[in-house]
Protein chains: 2
Amino acid sequence: MAATIKDVARLAGVSQSSVCRALAAPDQVRPATRERVHQAAAQLGYRPNRVARSLSTGRTGNIGLVLPDIANPFFPGVVKAVQRRAREFDLAVLLADTDEDPAAELELISTMTKQVDGFLLCSPRASDEDLRSVSGDTPVVFVNRRVGRLPSVNFDSADGIRQAITHLAALGHRRVAYVAGPRSSWVNRERLRSIRSVATAMDLEVVEAGNVTPTLEGGIAVADQILAASVTAVIAFNDMIGLGLLSGFNARGVNVPADISVVGFDNIPTAGLVNPPLTSVDMPKEQCGRSGVELLVQLLNDREGRAGSRRLLPTQLIVRGSTGPAART
Amino acid sequence: MAATIKDVARLAGVSQSSVCRALAAPDQVRPATRERVHQAAAQLGYRPNRVARSLSTGRTGNIGLVLPDIANPFFPGVVKAVQRRAREFDLAVLLADTDEDPAAELELISTMTKQVDGFLLCSPRASDEDLRSVSGDTPVVFVNRRVGRLPSVNFDSADGIRQAITHLAALGHRRVAYVAGPRSSWVNRERLRSIRSVATAMDLEVVEAGNVTPTLEGGIAVADQILAASVTAVIAFNDMIGLGLLSGFNARGVNVPADISVVGFDNIPTAGLVNPPLTSVDMPKEQCGRSGVELLVQLLNDREGRAGSRRLLPTQLIVRGSTGPAART
DNA sequence: GCCACTGTTGGAATCGGTTCCAGAACTTTT
DNA sequence: AAAAGTTCTGGAACCGATTCCAACAGTGGC
């Protein structure tokens with residue numbers, strides 16, 4: 001079997017404690033001993049058993065990454081960055097996909113809570129109250145959601161929306177639709193609020209279309225409703241819905257952007273590939289994953305350091321072919 | 001803090017051992033005792049500490065999911081299914097993204113090996129030899145790769161290729177290109193072999209284009225080379241490359257499928273969204289994830305059950321707009 | 001040459017479960 | 001009612017690390 005600390009101790013002719021110190025706190029051990037221990041460890045290919053370590057230190061070396069749907073192309077970029085940054089801190093990532101279900105989310109969190117040191121909750125769907133209570137038990141960093149003053153990483157959507165609406169207004173659009181995402185999504189509520197406020201300020205009229213699932217199907221399903229709303233542009237909660245709209249419009253022979261302009265959020269990789277390519281508000285996903293891990297690590301080290309640090313990442317409108325001058329009405 | 005087994009024992013007025021049995025092996029304990037323990041456990045909200053359990057049982061309750069690039073849209077579907085099925089077996093999923101790097105892959109595996117009961121290695125890039133050695137240490141199920149007779153889940157690519165080439169031949173294509181993926185990819189080598197053999201059998205000529213990264217950029221970069229090869233159709237290692245080709249051809253004013261037909265593999269969600277939509281060989285990703293977990297669980301339970309069970313999943317050509325009759329040459 | 005001091009080291013307790021083993025508590029048999 | 005058998009139960013060892021504490025060695029000062 002794998003070598004344990006005892007094997008190393010025996011081979012090096014020292015006690016367990018010394019082996020442990022030689023590896024964990026090298027300056028507390030005489031160079032000669034340290035050397036012997038290192039050699040013995042190397043010879044046996046010794047790797048400390050993380051489970052045993054966890055038990056005595058109370059730290060697992062794992063972080064939980066919880067997200068609503070990894071099939072949504074927004075997330076893989078974040079996941080990848082989280083993974084990479086976590087590895088640099090010698091942390092492993094436990095992944096949980098909640099299928100957009102708030103109850104499943106809480107259930108998964110509570111199941112995982114003993115095996116992780118902290119959570120990165122991406123776009124969580126649960127209520128503020130429930131999330132607050134999770135955050136009371138375990139260190140948590142929220143991603144793409146703000147819960148009071150708790151640590152979080154967010155995108156400056158408000159600014160993205162300002163850019164998008166300014167862009168549309170400059171193209172002569174006066175009446176635009178907003179296709180809302182899941183009702184349980186905090187980001188959705190935030191975006192709706194920003195859009196209302198920016199639109200009012202810029203004297204645009206906003207028509208709100210029902211909540212749909214943030215998927216292609218959701219966008220396709222709502223296309224008719226948008227066409228009936230006699231708007232010249234539509235802003236979708238995210239790119240998946242935006243792509244669904246493009247697909248729906250195309251199927252109905254509606255020309256984008258000549259007849260109607262479409263703007264999405266997230267700037268997922270596919271956005272630039274379709275025809276016409278989708279104008280979208282880019283979110284720096286890698287930076288987001290990295291920052292999330294960094295904040296969490298900070299939270300884990302500053303034990304009880306109630307420093308509710310929050311980060312806001314910049315967004316940027318990427319103008320592509322799906323937006324153009326407003327159609328004559 | 002959280003309640004431990006001792007707290008439960010004290011409250012129920014029994015020993016630790018009885019608590020443990022009452023919860024793990026209820027039939028070995030008198031109903032009255034069992035009841036008292038359950039009540040005490042419920043009252044304290046007791047949840048066994050998985051770390052402690054792991055240490056004594058030698059099982060972690062985790063499985064490691066290793067894949068080359070989660071940003072490749074082929075994987076999220078698999079990951080989601082793995083996650084879900086694993087949860088049903090009360091297993092947590094540790095995710096590792098290797099960035100297509102064989103060395104990083106082995107390093108990640110060896111780091112994680114102590115904290116998981118087994119691995120699901122998706123499209124691993126390491127050598128047969130290294131993988132065999134990993135498989136000697138820990139239960140492993142290979143996904144999208146075959147290593148000797150070791151347990152694996154694979155797609156019947158050969159059949160998919162037969163379908164694709166038959167389709168192209170029926171459209172009058174006589175000379176097609178194959179854009180190879182990463183040299184380290186086993187699937188790539190397999191596909192190349194199948195294509196050669198099927199093409200020979202059907203009397204088609206195959207031109208092989210250099211190995212590229214299985215990304216959009218890879219496809220775009222190789223577009224010129226394909227155009228220079230005077231073929232009427234091109235088969236790409238995967239859809240990402242296929243989409244890159246479409247994008248590259250479009251940028252050069254080459255019409256698909258009038259001038260050239262394109263076929264991809266994987267049938268990723270984006271394939272149906274671009275214009276023209278990409279003809280692709282579909283792989284049942286969810287089934288793949290589920291089967292992988294099932295095989296692994298089986299392997300974990302049949303300790304030393306050297307049953308090298310392997311599954312082969314069906315593939316299906318999805319014909320879309322990117323393929324059409326061969327251009328006149 | 002003795003004392004005090006810092007620097008190292010080994011022994012043992014600990015984390016929270018699981019499991020073996022021996023003995024206690026019940027049943028059944030005679 | 002005693003003997004034999006079965007079922008339950010508690011004590012203790014164990015998994016593999018970490019860490020506290022006491023003991024020890026070596027150094028320097030006097």
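These numbers come from a predicted model, not from an experiment. First the proteins, then the strands, lettered A, B, ... as listed; each starts at 1.
Remark: B:Arg21 in residues 21-31 of chain B come within less than 4.0 Å of DNA chain C through at least one heavy atom. Residues from residues 32-46 of chain B that place a heavy atom under 4.0 Å from any atom of DNA chain D, listed by number: B:Thr33.
The CG-C1' distance, from A:Asn49 to D:dG16, rounds to 6 Å in whole Å. Residue B:Ile5 contributes atom CD1, which lies 11 Å from atom C1' of C:dT19 at whole-angstrom precision. As a whole-Å value, the separation of A:Arg47 CZ from D:dG16 C1' is 16 Å. In this structure, the CD atom of B:Gln115 is 14 Å from the P atom of D:dA17, given to the nearest Å. Whole-Å rounding puts the B:Arg59 CZ to C:dT19 C1' distance at 16 Å. Distance A:Leu55 CG to C:dG16 P: 7 Å, rounded to the nearest Å. One can place NZ of B:Lys6 at 13 Å from C1' of D:dG11, the figure rounded to the nearest angstrom.
B:Lys80 and B:Glu286 are not joined by a salt bridge, as no carboxylate oxygen comes within less than 4.0 angstrom of a charged side-chain nitrogen. A salt bridge between B:Arg132 and B:Glu129 is absent, with no side-chain N of the basic residue lying under 4.0 Å from a carboxylate O of the acidic one. Salt-bridge annotation for A:Asp90 and A:Arg50: present, with a side-chain N of the basic residue lying under 4.0 Å from a carboxylate O of the acidic one. Of the charged side-chain nitrogens involved, none lies within less than 4.0 Å of a carboxylate oxygen, so that B:Glu190 and B:Arg145 do not count as a salt-bridged pair.
By the 4.5 Å heavy-atom criterion applied to side chains, B:Leu313 and B:Asn154 are not counted as neighbours.
For A:Gln16, taking side-chain heavy atoms from C-beta onward, the closest of the listed nucleotides D:dT18, C:dC15, D:dC15 is D:dT18. Proximity note for B:Val14 (side chain, C-beta onward) versus D:dA17, D:dG10, C:dG17: the nearest is D:dG10.
The closest donor-acceptor contact from the side chain of A:Arg311 to the backbone of A:Ser152 lies at 3.5 Å or more, if one exists at all. With B:Arg36 contributing its side chain and B:Ala12 its backbone, the two residues share a donor-acceptor pair below 3.5 Å. Between the side chain of B:Thr138 and the main chain of B:Gly118, no donor-acceptor pair closer than 3.5 Å is present. A donor-acceptor pair under 3.5 Å is absent between the side-chain atoms of A:Asp69 and the main chain of A:Asp99, judged by distance alone.
In this structure, B:Ser18 reaches the D:dG10 phosphate: one of its side-chain N or O atoms is under 4.0 Å from OP1 or OP2. For D:dG10, the OP1/OP2 oxygens have a side-chain nitrogen or oxygen of B:Ser15 closer than 4.0 Å.
A donor and an acceptor atom sit less than 3.5 Å apart, one in the side chain of B:Ser17 and one in the base of D:dG11. The base of C:dG17 has none of its N or O atoms less than 3.5 Å from a complementary donor or acceptor on the side chain of B:Thr57.
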